[in-house]
Enquirer: 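This is the structure I have questions about; it appears just below.
Below, all heavy atoms of this structure are taken into account, side chains as well, without hydrogens, waters or symmetry copies. In what follows, residues are counted from 1 in the order of the sequence shown.
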Amino acid sequence: MSTQIAWMLLSAILASVFTIGAAWLWWRKSLSQEIDRLLDEKSALLGDEIERRVRQGVIDGVSSIPSVEVLENATRTATRTGAAIIGEGLSAILGRKNKKP
């Protein structure tokens, strides 16, 4: 009699474990599919938003470029400054004194 009860309990436990395992696998698969679907949906929306923002950024950047005269003056100033820095460095290396006070 006790052997029959032990077999019944063992079979009930095994049936429960297999049922829970099968339900967990099914839930995990369906959850994975739902997550994949949501990611695909959101990435499409996010991709469109990123593309729109990049396009607007390029338009804003191009429209904010200063005029040609301002760019030429800035280039001349940067060139003069660079030449002065290099000249002072060479003067210091070669031991020459600056003519300017």
Side-chain angles (χ1 to χ4, degrees):
M1 179 88 146
S2 65
T3 308
Q4 290 177 342
I5 293 174
W7 279 110
M8 284 185 349
L9 286 175
L10 181 63
S11 64
I13 291 170
L14 285 176
S16 297
V17 167
F18 286 132
T19 303
I20 290 172
W24 180 75
L25 289 174
W26 174 80
W27 179 76
R28 188 170 174 198
K29 183 180 178 183
S30 65
L31 181 64
S32 174
Q33 290 173 349
E34 181 66 18
I35 288 173
D36 289 343
R37 185 188 65 77
L38 287 173
L39 284 175
D40 289 343
E41 179 182 308
K42 297 302 178 188
S43 66
L45 293 173
L46 186 59
D48 294 341
E49 180 65 18
I50 289 173
E51 182 180 348
R52 185 187 66 77
R53 288 184 184 195
V54 167
R55 181 177 287 122
Q56 187 61 41
V58 169
I59 291 170
D60 292 346
V62 169
S63 66
S64 68
I65 293 176
S67 66
V68 175
E69 294 83 18
V70 173
L71 290 175
E72 287 175 352
N73 289 337
T75 304
R76 281 191 202 106
T77 303
T79 305
R80 287 185 193 131
T81 304
I85 291 171
I86 291 173
E88 290 173 10
L90 287 175
S91 296
I93 292 171
L94 298 175
R96 297 181 186 160
K97 304 260 183 187
N98 286 341
K99 297 179 181 177
K100 294 182 182 177

Enquirer: Please check if atom CD in Glu49 has more than 12 non-hydrogen atoms from other residues, nucleotides or ligands closer than 6.0 Å.
Expert: yes
Enquirer: Looking at every non-hydrogen atom in both residues, tell me the closest pair between Thr79 and Thr75 and how far apart they are.
Expert: OG1-O, 2.7 Å
Enquirer: Mind checking what makes side-chain contact (heavy atoms from CB on, under 4.5 Å) contact with Glu72, not counting sequence neighbours?
Expert: Val68, Arg76
Enquirer: Does Phe18 belong to the same Ile/Leu/Val/Met/Phe/Trp/Tyr cluster as Leu10, with side-chain heavy atoms less than 4.5 Å apart forming each link?
Expert: yes
Enquirer: Evaluate whether atom CZ of Arg53 has more than 12 neighbouring non-hydrogen atoms of other residues, nucleotides or ligands under 6.0 angstrom away.
Expert: no
Enquirer: Using the rule that Ile, Leu, Val, Met, Phe, Trp and Tyr join whenever any side-chain heavy atoms are under 4.5 Å apart, tell me whether Leu46 and Val54 fall into a single cluster.
Expert: yes
Enquirer: Quick one, Leu38 and Glu34 - any side-chain contact, counting heavy atoms below 4.5 Å?
Expert: yes
Enquirer: I need the minimum non-hydrogen distance between Thr19 and Ala15, along with the two atoms involved.
Expert: OG1-O, 2.7 Å
Enquirer: Looking at Ala12, is its backbone amide N or carbonyl O close enough to the side chain of Ser16 to form a donor-acceptor pair, meaning the two atoms are under 3.5 Å apart?
Expert: yes
Enquirer: Taking Leu39 as the starting point, is it possible to reach Leu31 by hopping between hydrophobic residues whose side chains are less than 4.5 Å apart?
Expert: yes
Enquirer: Do you reckon Val17 sits in the same ILVMFWY cluster as Leu25, going by side-chain contacts under 4.5 Å, direct or chained?
Expert: no
Enquirer: Flag yes if Trp7 and Leu14 sit in one hydrophobic cluster, no otherwise; membership is Ile, Leu, Val, Met, Phe, Trp, Tyr, and two members link when side-chain heavy atoms are under 4.5 Å apart.
Expert: yes
